[in-house]
Amino acid sequence: MKKSLLMLGAAAMMLASCTQNEVVEVAESRAIGFDAFVGNTTKADITDANIREFYVYGGYDNNLTNVFNNVKVSSTDGSNWTYTNTQYWTASKTYKFQGYAPENATASAGENGVNFTNFVADGTTDLLASAVETKTIDATISNSSDIQLTFRHVLSKIKFKFTTDLANVNISISALTVKSLPNKGTYTNNGATGSTWNVSESGDYALTSDGTLTNSAALTSGDAIVLPQTPNNISVTFTVTATGGLSLTTNHTVTLPATKLEEGNVYVYTAAITYANIDPNGELKPITFGDPTVNPWSADQTGGDVTFN
């Protein structure tokens, strides 16, 4: 294997939380209704703007599923959430509700929230779990209202950023792939960020890396949604192609730092491409010039005088 490009480190950025939670007043009703709010949203994820369905567990008398057992709740426009087989409030009962999204997850209700079994992170699918919502209904059912579940992202995101100090060189990054990262896991929900993922098996993640890297413009890859974990001796491979002042194509293998990936966070691995590491076969030697030497005028006038008419 060729010598690897030096990976300088990893920076974690907390996803920005939503700052507004819209509440719609509804008439009192004995029917149990739902609304949804997604926290910590970013581009291309399930968000308040694009969530259209989630799945609910709910019950009372210390039973988590005797009213709703993995029931689909959906909306065509992000409001007016509906489900089949309408359920009605029972007076003087304390209910607990919890939910998850999207559909392609093996889930079960737990005291602290939804648990997941053998979930496979494919790199693009987001996964949400809600907090447990508790509601006590009074004797006249006068305090019934929609149940609003607040979801959090329970996976992590990774991406890569490349910089360079090479002048007059245009660099492209291709075939960027995270190799053999554990991608199957079982989630034990403790009710907050930091719940436990027990990971197993593994798969490759190919990330997009469109654009040109120069000494005045960094290049950031697309992202992959992965299981929270601490990468252990996980490698990343990619091809560097340089044009302009340098004509070179090289393949690189990098080992990820053992930075813990926590749920709901984006991690940006940053690498600097320099004259010392762009070519795994040896340090790049730029063509340079030293101080010039100028010969002085000759003091020997052996040519003599020249006479002209």
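Residue numbers run from 1 in the order of the sequence given. Values reported hereafter were calculated over all heavy atoms of this structure, with side chains retained and with hydrogens, waters and symmetry mates removed.
In this structure, T253 OG1 and N251 CG are separated by 8.0 Å, a value rounded to the nearest 0.5 Å. Taken from CD1 in I234 to OH in Y205, the straight-line distance is 10.5 Å, to the nearest 0.5 Å. Annotation: the span from Q229 atom CD to S200 atom OG amounts to 10.5 Å, rounded to 0.5 Å. To the nearest 0.5 Å, atoms CG (D61) and OH (Y95) are separated by 9.0 Å. Considering OG of S92 and CG of D138, their distance stands at 7.0 Å, rounded to 0.5 Å. Atom CG in L128 sits 11.0 Å away from atom CG in L149 (nearest 0.5 Å).
I46 places a side-chain heavy atom less than 4.5 Å from the side chain of P102. Using a 4.5 Å cut-off on side-chain heavy atoms (C-beta onward), N265 and K157 make no contact. K96 has its side chain within reach of L64: a pair of non-hydrogen atoms, C-beta onward, lies under 4.5 Å apart. In this structure, the side chains of S195 and R152 come closer than 4.5 Å at one or more pairs of heavy atoms. Side chains of N115 and S108 form a contact here, defined as non-hydrogen atoms less than 4.5 Å apart. Using a 4.5 Å heavy-atom cutoff, the side chains of L213 and I273 are in contact. R52 has its side chain out of reach of T76: every pair of non-hydrogen atoms, C-beta onward, lies at least 4.5 Å apart. Using a 4.5 Å heavy-atom threshold, the side chains of E263 and P228 count as touching.
Among residues two or more places apart in sequence or in another chain, the side chain to side chain donor-acceptor pair (under 3.5 Å) test is passed with E133 by none.
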Can you give each donor-acceptor pair under 3.5 Å made by side-chain atoms of residues 65-72, sequence neighbours left out, with the distance rounded to 0.1 Å?
{"from": "T65", "atom 1": "OG1", "to": "N63", "atom 2": "OD1", "distance (Å)": "3.4"}
{"from": "N66", "atom 1": "OD1", "to": "Y60", "atom 2": "N", "distance (Å)": "3.1"}
{"from": "N66", "atom 1": "ND2", "to": "Y60", "atom 2": "O", "distance (Å)": "3.1"}
{"from": "N70", "atom 1": "OD1", "to": "Y100", "atom 2": "OH", "distance (Å)": "2.7"}
{"from": "K72", "atom 1": "NZ", "to": "E53", "atom 2": "OE1", "distance (Å)": "3.3"}

Show me, pair by pair, the donor-acceptor contacts under 3.5 angstrom made by side chains of residues 170-180, not counting sequence neighbours?
{"from": "T177", "atom 1": "OG1", "to": "A175", "atom 2": "O", "distance (Å)": "3.4"}
{"from": "K179", "atom 1": "NZ", "to": "D204", "atom 2": "OD2", "distance (Å)": "3.4"}

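In terms of modelled atom types and a separation under 3.5 Å, the side chain of S156 and the main chain of E262 share a donor-acceptor contact. With hydrogens and angles ignored, the 3.5 Å screen pairs a side-chain donor or acceptor of T250 with a backbone N or O of I278. The backbone N or O of G191 sits less than 3.5 Å from a side-chain atom of N189, completing a donor-acceptor pair. Under a 3.5 Å cut-off, the side chain of N277 and the backbone N or O of A272 do form a donor-acceptor pair. Checked by atom type and distance alone, the side chain of D165 never pairs as donor or acceptor with a backbone atom of T274 at under 3.5 Å. In terms of modelled atom types and a separation under 3.5 Å, the side chain of T214 and the main chain of A217 share a donor-acceptor contact. In this structure a side-chain-to-backbone donor-acceptor pair under 3.5 Å is present from Q98 to V114.
Residues F160 and F238 place their aromatic rings such that the two centres sit no closer than 6.0 Å. Ring to ring, Y269 and Y267 are not that close: their centroids are 6.0 angstrom or more apart. F54 and F151 have their aromatic ring centers within a separation under 6.0 angstrom.
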Apply side-chain hydrogen bond (donor to acceptor under 3.5 Å, both in side chains) to the pair S221 and D223, showing each step before the final yes or no.
CA-CA 6 Å; S221 75; D223 52 49; over 6 Å; no
Is there a side-chain hydrogen bond (donor to acceptor under 3.5 Å, both in side chains) between K135 and S144? Walk through the geometry before answering.
CA-CA 9 Å; K135 188 176 183 67; S144 63; over 6 Å; no
How far apart are the C-alpha atoms of V236 and L256, what are their side-chain angles, what is the distance that settles it, and do they pass the side-chain contact (heavy atoms from CB on, under 4.5 Å) test?
CA-CA 7 Å; V236 180; L256 286 181; 3.6 Å; yes
side-chain contact (heavy atoms from CB on, under 4.5 Å), that's the test. Do L248 and D279 meet it? Break it down for me.
CA-CA 8 Å; L248 181 70; D279 187 351; 4.1 Å; yes
Checking L155 against F119 for the side-chain contact (heavy atoms from CB on, under 4.5 Å) test, could you report, in this order, the C-alpha distance in whole Å, the side-chain angles of both residues, the deciding distance, and whether it holds?
CA-CA 11 Å; L155 300 179; F119 179 82; 3.9 Å; yes
Assess whether side-chain contact (heavy atoms from CB on, under 4.5 Å) is satisfied between L219 and S209, documenting all intermediate values.
CA-CA 8 Å; L219 189 155; S209 53; 4.3 Å; yes
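N104 CG: more than 12 foreign heavy atoms inside a 6.0 Å radius.
Exactly one residue among I225, D126, L127 makes a side-chain contact (heavy atoms from CB on, under 4.5 Å) with H153. That residue is D126.
Side-chain contact annotation: D77 with S75, donor-acceptor N/O pair under 3.5 Å present.
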